[in-house]
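First listed ligand is number 1; within each ligand, the first listed atom is number 1.
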Amino acid sequence: MIDTTFEGFRYHKPLPNFYKIENPKNPKSEITEELVDGLLDLALRYNFSGISYSKLSDDFKKEFEIDFDNVIIFKFLMGDDLIEMEQSPEKCRLMDEEFQEYGLHVYEFADFLRKNGFAAELIHPLADDLSMRAIAMQSNDCMITRSNMCLFKEGITVGFFMIHTSIENLPFKEENDMLWVKDFCSTCGVCIDRCPEGAFDEDENFLRKLCTAHREGCNECLLRCPFYKRGYDKVKKRYDRMVKK
Ligand code: SF4
Ligand code: SF4
């Protein structure tokens with residue numbers, strides 16, 4: 001049954017059924033470039049920053065006990081004005097509002113695929129038993145930074161939603177060309193020095209339980225991160241100069 005009111009994505013609550021079109025009975029598995037472009041155009045129209053694709057490995061599927069392989073990642077950039085706001089309950093509320101508004105459009109993206117003969121299901125963005133970041137990493141299109149942010153080339157403030165689908169021939173990336181980020185982070189450490197909560201252990205590993213980003217809207221480390229201040233390309237140039245020396 002299809003909901004007529006969208007109450008949002010919530011932890012420990014089932015995914016809202018906000019589709020307008022049912023999945024096809026015999027879904028197709030091959031998509032044309034034209035339709036891939038059409039999906040991207042639709043996402044850009046709603047201010048998403050881009051799309052990435054994850055082909056999940058057998059080991060990964062086993063680890064998370066899932067039975068799908070093909071994932072489309074719809075990325076959006078969180079608003080700088082929100083990121084730069086002082087932490088407060090109001091900031092958390094506004095950030096949630098922004099997240100829910102983007103998420104609502106993802107049902108339309110799934111409907112676009114269903115209408116064109118493909119199976120398409122949203123993945124619960126707040127699932128308890130599945131790591132969205134781990135799925136994102138399978139795209140070979142991002143890296144998890146030392147401060148536990150998911151960095152894509154368009155920015156470190158990317159939020160995302162995901163759809164799994166019957167489409168087998170998506171433009172999956174074979175290799176990750178962002179592996180250098182780990183090395184760069186190991187020379188930086190600004191997030192560790194600036195964290196007011198001490199959310200890193202003595203080996204400088206991130207401690208999720210101590211981080212107040214989601215509870216209170218802390219973005220202290222993010223605001224000081226070179227990837228936020230300068231952007232991906234400039235940091236990459238700096239890194240390339242560093243390793244040449
Ligand atoms: S502040 Fe430095 S160490 Fe921390 S995530 Fe950003 S680049 Fe990496
Ligand atoms: S968001 Fe705040 S609490 Fe979390 S790691 Fe960054 S500085 Fe620390």
Output the list of atoms in ligand 1 that are nearer than 4.0 Å to some heavy atom of [X], sorted by atom number.
X: Arg146; result: 3 (S), 5 (S)
X: Thr145; result: 5 (S)
X: Phe227; result: 7 (S)

Going by the atom numbers of ligand 2, which of them fall below 4.0 Å from some non-hydrogen atom of Phe206?
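Once the distances to Phe206 are compared, the set is 5 (S).
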Short list, please: which atoms of ligand 2 are under 4.0 Å from a heavy atom of Glu220?
7 (S)
Looking at OH of Tyr11 and NE2 of His124, how far apart are the two atoms once the value is rounded to the nearest 0.5 Å?
9.5 Å
So is Lys28 actually on top of Phe118's ring, under 6.0 Å and inside 45° of the axis?
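Yes, Lys28 sits over the ring of Phe118.
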Lys20 to Phe18, cation-pi by 6.0 Å centre distance and 45° axis angle:
yes
In terms of residue, atom name and distance, what is the protein heavy atom nearest to [atom]?
atom: atom 4 (Fe) of ligand 2; result: Cys211 SG, 2.4 Å
atom: atom 6 (Fe) of ligand 1; result: Cys225 SG, 2.4 Å
atom: atom 2 (Fe) of ligand 1; result: Cys188 SG, 2.3 Å
atom: atom 1 (S) of ligand 1; result: Cys191 N, 3.4 Å
atom: atom 3 (S) of ligand 1; result: Gly189 N, 3.3 Å
atom: atom 8 (Fe) of ligand 1; result: Cys185 SG, 2.4 Å

One thing to verify: whether [Y] and [X] come together as a salt bridge, which I'm taking to mean a side-chain N less than 4.0 angstrom from a carboxylate O.
X: Glu216; Y: Lys91; value: no
X: Arg93; Y: Asp96; value: no
X: Asp240; Y: Lys244; value: no
X: Lys153; Y: Asp177; value: yes

Using heavy atoms and a threshold below 4.0 Å, how should the contact between Phe184 and ligand 1 be classified: side chain, backbone, both, or neither?
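The answer is the side chain.
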From the options Phe48, Phe99, Tyr46, select the one residue that forms a ring-ring contact (aromatic ring centres under 6.0 Å, His included) with Phe161.
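Only one option passes, and that is Phe99.
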Is atom 6 (Fe) of ligand 2 less than 2.8 Å from at least one N/O/S atom of Cys221?
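Yes.
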Proximity flag Gly198 to ligand 2, non-hydrogen atoms under 4.0 Å:
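Judged by the 4.0 Å heavy-atom criterion, Gly198 does not count as contacting ligand 2.
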Examine all N, O or S atoms of Cys218, backbone included, and report whether one is under 2.8 Å from atom 2 (Fe) of ligand 2.
yes
